[in-house]
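What follows is one structure encoded as structure tokens, with my remarks underneath.
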Amino acid sequence: MKEFDRLCNEFEEMDPLTYSVVLSEKAKAVIPTLCEITKNGLDGLTLFAAFIVGAVVSDGELSVEEFELTYPLFRAFFGEEISHEECDYIVGKMRRENKQLTKYVNEMVDAFGQLSEELKNDIVLVCLMICAIDGKISTSEKRWIKKLLK
């Protein structure tokens, strides 16, 4: 767990240029593999987007920085252009109802068990980086991401 906390601190302090390069590199490795192993008609991008959406909003807030970074994922997840305010409303509703996010989380955890250790680490890193974009990974966000580590 100390390693997890160290990574959280590292990402909270990362400069924007390095952040963008690392995030882009990791996402390119993660999404194609998820597309190959997902089941039940869920494509890898939707599954990954749902998990990231869940991580980002697990603290009850969707910061402008989090929204801007994850906008392509939100667009893929919701299927259309969406504003920060609309996304905040939809995500809040999803959190309250919790059913759809729970379905995606269960799929993500199932898929996670089929991955190599390197790819598992990449997924955790991407989730941590997205949550850290506003300079802080909350306790709720950490708990959400740790679901993958169980």
Side-chain angles (χ1 to χ4, degrees), residues 1-79 82 87 90-92 94-95 97-150:
M1 243 6 112
K2 286 184 181 183
E3 180 69 14
F4 184 80
D5 291 333
R6 186 193 63 73
L7 282 173
C8 290
N9 292 334
E10 186 178 315
F11 290 132
E12 289 171 341
E13 297 172 8
M14 188 175 282
D15 69 275
L17 181 58
T18 303
Y19 193 95
S20 295
V21 170
V22 172
L23 185 60
S24 176
E25 183 181 298
K26 296 299 181 187
K28 287 178 187 174
V30 167
I31 293 171
T33 303
L34 285 176
C35 289
E36 290 175 15
I37 65 168
T38 54
K39 302 173 187 170
N40 302 328
L42 297 174
D43 68 86
L45 183 59
T46 301
L47 184 59
F48 193 48
F51 190 81
I52 289 173
V53 167
V56 167
V57 302
S58 64
D59 62 357
E61 299 176 25
L62 178 63
S63 73
V64 172
E65 296 90 353
E66 289 170 330
F67 175 76
E68 288 173 354
L69 179 66
T70 56
Y71 180 76
L73 292 172
F74 284 120
R75 185 162 185 211
F77 186 66
F78 296 118
I82 188 167
C87 190
I90 291 168
V91 166
M94 287 176 70
R95 274 190 85 234
E97 293 174 6
N98 204 24
K99 293 175 186 170
Q100 194 66 22
L101 275 178
T102 300
K103 174 186 173 190
Y104 288 131
V105 168
N106 291 338
E107 289 287 329
M108 184 70 183
V109 170
D110 289 347
F112 202 70
Q114 301 174 42
L115 304 175
S116 69
E117 285 303 312
E118 181 179 354
L119 199 58
K120 288 177 184 180
N121 290 338
D122 287 347
I123 290 171
V124 169
L125 291 177
V126 168
C127 291
L128 286 173
M129 290 181 76
I130 289 172
C131 290
I133 190 65
D134 58 358
K136 176 77 174 123
I137 303 173
S138 72
T139 303
S140 300
E141 290 169 333
K142 289 177 185 178
R143 264 190 250 124
W144 181 269
I145 294 167
K146 284 180 182 179
K147 289 179 182 185
L148 291 175
L149 303 174
K150 293 180 180 181

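Residues take their numbers from the sequence shown, with the count starting at 1. Small disclaimer: the values here were computed from a predicted structure and weren't measured.
By the side-chain hydrogen bond (donor to acceptor under 3.5 Å, both in side chains) test, Lys142 pairs with no residue at all, sequence neighbours left out. Applying the side-chain hydrogen bond (donor to acceptor under 3.5 Å, both in side chains) criterion to Glu25, with sequence neighbours excluded, gives no partner residue. For Thr18, the side-chain hydrogen bond (donor to acceptor under 3.5 Å, both in side chains) test picks out Asp15, with sequence neighbours left out. By the side chain to side chain contact (heavy atoms under 4.5 Å, CB included) test, Ser138 pairs with Asp59, Ser140, Glu141, sequence neighbours left out. Residues forming a side-chain hydrogen bond (donor to acceptor under 3.5 Å, both in side chains) with Glu68 (at least two apart in sequence, or on another chain): none.
Taking each heavy atom of Ile137 and Cys131 in turn, the nearest pair found is CG1-C, 4.1 Å.
Residue pairs satisfying the salt bridge (charged side-chain N to carboxylate O under 4.0 Å, His left out) criterion with at least one member in residues 112-129, sequence neighbours excluded, are listed as follows: Lys26-Asp122, Glu117-Lys120.
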Subject >> Asn9 and Glu12: CA distance, side-chain angles, deciding distance, side chain to side chain contact (heavy atoms under 4.5 Å, CB included) verdict >> reply: CA-CA 5 Å; Asn9 292 334; Glu12 289 171 341; 3.5 Å; yes
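Atom CD1 of residue Ile123 and atom CG of residue Leu128 lie 12.0 Å apart, to the nearest 0.5 angstrom.
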